[in-house]
Amino acid sequence: MRKKIIAGNWKMNKTVEEAVELAGELMRGYAEQTAVDVVLCPPFTSTKAVSDVVSESQIRLGAQNMSAEDGGAFTGEIAHGMLKELFVRYVILGHSERREYVGETDGEINRKVLKALEKQLRPILCVGETLEQREAGTMEQVVEQQLRGGLQGVEPSAYTELVIAYEPVWAIGTGKTASAEQAQEVHAFIRKLIGELAGAEAANAVRIQYGGSMKPANAAELLGQPDIDGGLIGGAALDAASFGGIIDAASEA
Ligand code: PGA
C-alpha cells in the first residue's frame, strides 16, 4: 500500500507573517496526523519561519526548486545544503511554470533530481502536457519524454523516495480539473512506463500525485483512483480549510 501524499505548493504567495499563520492553522488540525504525508512548500523567504512552526510535528517541509550545484557563484540560486539546514525533506522539481517561464529543460531537471536523491532530499518531479499537446494527441509522448529525460540515471531503489506529480498544464490554476478517469488513465500510463524504466518493484512503490485545480470538492474522487497517490495543490493550499479538506479526503480514500 502506498501512503498518500498531499503537498501544498504555495508558489509566490504569502509574507512571512501570513506563512506562519497558515502553518499554525494547519498545525492545529494536522500536527499529529500520520495517515497521510503532508508537505508544505512555502517560498524560500518563509522556509525558515515555517520550519520553526512545524518542527515538532508530522508535517513535512518542501521547497519549490533547488539548484543542481553544491554552492558558489550562482546568483539567485539555492543549494541542497541550505535546504537541509532548514529541515526541508522534499523538493518540487520541473514544475510547468519553471519549464515555461524560466525555460528549464529535461536535462537540467534531471541534474537536479539526481542531486536531490544523492543528498537525501525527496524530489517531486512534475510532468504534464499542455492543452495543445493533448488536443494534438501527443500527450503520452510528451509525458514519456519528460519522464525519460528527468529520470535518467535514477536507480530502481530510489523510486521509494521519488514522487512524480502529473499536472496537466491546462488544469493548473484554471479551475479545470482532469476528470478522475482522465487522470487515472495517465497515472496508469506513468506507472507502466516506470515499470519499463526501473522494474515492477519500482513501479509499485513510486507515488504519483495529481495536480491541477484539486480542491475538497473533487479530491475524494481523484484520490479514490487506483494509481492516484496524492495531490500537489496550488490555489487550494493557500487556505487552511480547503487544504485541510483535501488532507481529510486523502485519509479517507
Ligand atoms: P493549482 O496548482 O492547484 O492552483 O491548479 C497546482 C500546481 O501548480 O502545483
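Whatever order the structure lists ligands and atoms in, that order sets their numbers, starting from 1.
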**Report entry** Y90: partners by ring-ring contact (aromatic ring centres under 6.0 Å, His included), with sequence neighbours left out
**Finding:** none
Query - Flag side-chain contact, heavy atom, 4.5 Å: T130 against W170 - result: no
**Report entry** Winner among G173, G128, C126 once heavy atoms are compared against atom 5 (O) of ligand 1
**Finding:** G173
Report task. Determine whether E161 and R122 make a side-chain contact, defined as any pair of heavy atoms from C-beta on separated by less than 4.5 Å. Result -> yes
**Report entry** Under 4.0 Å to a heavy atom of G234 - the qualifying atoms of ligand 1, by number
**Finding:** 1 (P), 2 (O), 3 (O), 4 (O), 6 (C)
Report task. For L232, counting its heavy atoms only, list the atoms of ligand 1 lying under 4.0 Å from any of them. Result -> 6 (C), 9 (O)
Query raised in the report: Touching ligand 1 at all, A236? Heavy atoms, strictly under 4.0 Å?
Result: no
**Report entry** Short side-chain donor-acceptor distance under 3.5 Å, H80 and E118
**Finding:** no
Report task. Ignoring hydrogens and angles, tell me if any N or O in the side chain of S213 forms a donor-acceptor pair with the backbone of G175 under 3.5 Å. Result -> yes
Report task. Using a 4.0 Å heavy-atom threshold (strictly under), name the region of A171 that reaches ligand 1: side chain, backbone, both or neither. Result -> backbone
Query raised in the report: Any heavy atom of S213 sitting closer than 4.0 Å to ligand 1?
Result: yes
Query - ligand 1 versus I172: contacting region, heavy-atom distance under 4.0 Å - result: both
Report task. Taking only heavy atoms of G212 into account, list the atoms of ligand 1 that are under 4.0 Å away from them. Result -> 5 (O)
Report task. Find all atoms of ligand 1 within a distance of less than 4.0 Å from any non-hydrogen atom belonging to E167, and give their numbers and elements. Result -> 6 (C), 7 (C), 8 (O), 9 (O)
Query - Atoms of ligand 1 close to G235 [distance to a heavy atom under 4.0 angstrom, numbered from 1] - result: 1 (P), 3 (O), 4 (O)
Query - Any donor-acceptor pair under 3.5 Å from K14 side chain to L238 backbone - result: yes
Report task. Tell me, please: is K11 in heavy-atom contact with ligand 1, that is, under 4.0 Å? Result -> yes
Report summary line: ligand 1 to N9, heavy atom cutoff 4.0 Å, flagged ligand atoms 9 (O)
Requested in this report: Taking the side chain as every heavy atom from C-beta outward, state whether E85 and K48 have any pair of such atoms under 4.5 Å apart.
Outcome: no
Query raised in the report: Relative to the heavy atoms of H95, which atoms of ligand 1 are at a distance of less than 4.0 Å?
Result: 7 (C), 8 (O), 9 (O)
Report task. Using the side chain to side chain donor-acceptor pair (under 3.5 Å) rule, collect all pairs that involve residues 244-253, keeping only residues at least two apart or in two chains. Result -> Y30-D248
Requested in this report: Take the angle between the ring planes of Y166 and H187 and call it parallel below 30°, perpendicular above 60°, tilted in between.
Outcome: perpendicular
